[in-house]
Amino acid sequence: MRYFAFADREDHIRLIEDLAKASDALFIILTGIKRRAGAANSPDTALLEWDDITAEALADLDMDGRDRVIVSALEQKRFAPLIEFLKKMDSAPPVLAMMETEGKFPSAGALNISSVDLTEATGNILRREWRLIEIKRRAGELYNLLKDAGKIAILTQNDPDPDGIACGLGLQALLGRNRTTAPILTLGNVTRNENLAMIRLLKTTVRAVEPEDLREFDRIVTVDVQPHYFGPDPGFTVDAVIDHHPPGNHSEAAFSDVNIHYGATSTMVHEYLSALGVKITRRLATALLYGIMTDTMRLERGASSRDFEAFDALWPTADKDMISNMARPRLNAEELGYFVRAIKRRRLMGDFLFLWLGRIKRDDIIPRLADFSLQIGEASFTATCGVFRGELIVSFRSMDAERNAGAYASALFSKWGSAGGHHSMAKAVISLQAFKSSFGLTRLDEVREKVSRMIEDKI
Ligand SMILES: [Mn+2]
């Protein structure tokens with residue numbers, strides 16, 4: 001392939017030579033300017049000097065559709081004859097015009113001409129570098145704060161989710177630690193099936209501890225969570241905070257990076273790792289990618305361009321089969337029993353479906369059955385209920401434009417606990433005891449009747 005570069009400036013010769021690196025031949029046609037003595041160019045480059053561009057001179061170049069044309073233009077109108085000439089060719093080469101002025105190169109809608117504003121393009125690269133310096137500085141600060149500590153506690157939420165667990169693994173890699181010198185901890189327990197599957201498949205551990213156990217650690221870092229989450233006086237002091245939830249007050253932490261513009265804390269940790277050039281293994285890439293996927297509903301909810309960038313960077317390395325296995329954990333016999341029983345006893349009224357799971361041993365059954373509920377019969381608005389650890393949980397799903405699940409959840413249940421959500425999915429988690437006392441109910445089947453009746457009356 002031959003390259004023909006038309007330029008009314010000399011300072012892009014290196015850039016043009018770089019663009020044409022793989023070419024068989026490069027002709028640079030300096031147009032309207034003379035080459036300065038001693039101006040640098042590669043010996044392989046053929047340098048021509050034209051006073052202006054004419055059809056005759058262009059015809060002599062004998063260009064065809066297999067060639068490529070570069071235009072480096074200070075004065076765009078100088079190159080109008082070139083465009084006119086190319087437009088008349090049967091098989092014209094593609095043209096890349098580089099400019100430093102605003103606006104597009106006059107291509108008159110030709111499909112084979114593209115123009116680039118070099119100032120804007122360079123600006124984008126340089127702005128990105130500013131950001132990288134900032135991330136590098138922050139990651140370095142975190143590293144320096146923790147590098148000499150004996151044991152480091154990486155503390156996640158009370159029921160750690162994939163984002164929190166992935167950040168724990170990421171932080172271990174960043175600090176060159178393992179599960180002994182920097183374990184991932186929770187003050188609660190991992191209960192949800194997907195999260196247990198993630199821990200099992202990644203062969204990692206999340207240790208359940210009590211607040212007083214944290215005393216044996218020299219430093220405490222919270223990931224995907226902030227100190228205020230643990231209450232006004234949790235009994236321990238946090239040294240570093242990395243999170244993407246709305247910021248609370250934790251001025252005591254020596255390091256704090258809280259940014260709500262990230263869809264996942266995994267993205268922040270990935271940026272640290274990249275900035276400091278830490279090798280990201282297949283296992284770690286899998287964890288971080290899964291953390292981003294679950295927190296952003298596969299980039300559909302709350303994902304920023306940074307999450308997309310991290311996703312793009314992690315995707316080639318991550319184990320996609322393993323992610324499928326994490327995302328769709330199998331139902332065991334007992335869980336299947338819950339499903340079958342609830343579906344057998346379903347109550348379908350028009351397009352409203354009511355499902356009652358009764359007392360359950362794990363609460364992730366509820367959203368899983370709720371997701372499935374919209375596939376049953378004519379249902380377009382559903383309520384899936386269960387009782388878990390003294391709480392009555394009602395999970396709404398709506399495919400009905402007229403019925404806002406969040407509004408129903410909040411109108412019906414906020415009196416007894418937290419209730420709300422989006423149009424298509426919402427949840428109420430309320431005290432079973434408080435609900436019972438309100439209506440003088442004693443038995444669970446009475447509760448079921450009451451809840452079902454309340455929703456029916458409202459819709
Ligand atoms: Mn998160």
Side-chain angles (χ1 to χ4, degrees), residues 135 138-139 142 153-174 182-199 201-202 204 206 220-230 238 240-248 250 253 255-274 280 283-315 318 323 326-327 329 363-364 367 418 420-422 425 427 429:
I135 295 166
R138 225 177 297 149
L142 176 68
I154 302 175
L155 187 60
T156 59
Q157 311 93 335
N158 287 346
D159 191 354
D161 68 13
D163 191 29
I165 297 166
C167 290
L169 290 170
L171 205 55
Q172 286 176 343
L174 187 89
I184 306 170
L185 308 177
T186 177
L187 296 174
N189 238 316
V190 185
T191 64
R192 297 179 72 108
N193 239 346
E194 296 98 298
N195 307 342
L196 289 164
M198 176 184 187
I199 289 169
L201 288 164
L202 286 172
T204 182
V206 175
I220 299 173
V221 189
T222 64
V223 287
D224 201 34
V225 68
Q226 295 166 52
H228 68 88
Y229 169 91
F230 301 103
V238 171
V241 181
I242 309 161
D243 190 27
H244 69 134
H245 294 100
H250 43 80
F255 176 92
S256 172
D257 191 359
V258 175
N259 194 329
I260 57 164
H261 299 297
Y262 287 85
T265 311
S266 291
T267 301
M268 300 169 75
V269 171
H270 174 254
E271 285 184 350
Y272 290 178
L273 293 164
S274 314
I280 297 176
R283 173 172 173 261
L284 181 52
T286 307
L288 292 168
L289 186 72
Y290 188 54
I292 296 169
M293 284 169 78
T294 52
D295 259 34
T296 63
M297 284 178 71
R298 296 176 177 252
L299 301 178
E300 283 177 35
R301 185 191 61 194
S304 70
S305 58
R306 295 163 186 196
D307 299 299
F308 279 88
E309 268 177 45
F311 188 97
D312 191 45
L314 292 164
W315 179 264
I323 285 177
M326 289 178 196
D363 59 345
D364 64 321
S418 78
H422 307 278
M425 55 197 289
K427 182 162 100 162
V429 181

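We count ligands from 1, going down the list as the structure has it; atoms in each ligand are counted the same way. For the single chain, residues carry numbers from 1 onward in sequence order. The structure presented is a predicted model; accordingly, all values stated were derived computationally and were not measured. As a basis for the values below, the full set of heavy atoms in this structure was taken, side chains included, without hydrogen atoms, waters or symmetry mates.
- Atom CZ in Arg138 sits 4.5 Å away from atom CG in Asp257 (nearest 0.5 Å).
- Of all N/O/S atoms in Asp224, OD1 sits nearest the Mn ion (ligand 1).
- Taking each heavy atom of Ile199 and Val190 in turn, the nearest pair found is CD1-CG2, 3.7 Å.
- Of the candidates Met293, Met326, Met198, Met198 is the only one forming a side-chain contact (heavy atoms from CB on, under 4.5 Å) with Pro162.
- Within the coordination shell of the Mn ion (ligand 1), defined by N, O or S atoms under 2.8 Å, Asp161 is absent.
- Under 2.8 Å from the Mn ion (ligand 1) lies no N/O/S atom of Asp243, from backbone or side chain alike.
- Between atom CG of residue Leu142 and atom CG of residue Leu174 there is a gap of 6.0 Å, rounded to the nearest 0.5 Å.
- With 2.8 Å as the limit, His244 counts as an N, O or S neighbour of the Mn ion (ligand 1).
- The Mn ion (ligand 1) lies closest to atom OD2 when only the N/O/S atoms of Asp295 are considered.
- Residue-level check: among N/O/S atoms of Asp163, OD2 sits closest to the Mn ion (ligand 1).
- Inspection of the Ser266 and Asp163 side chains reveals an N or O donor paired with an N or O acceptor under 3.5 Å.
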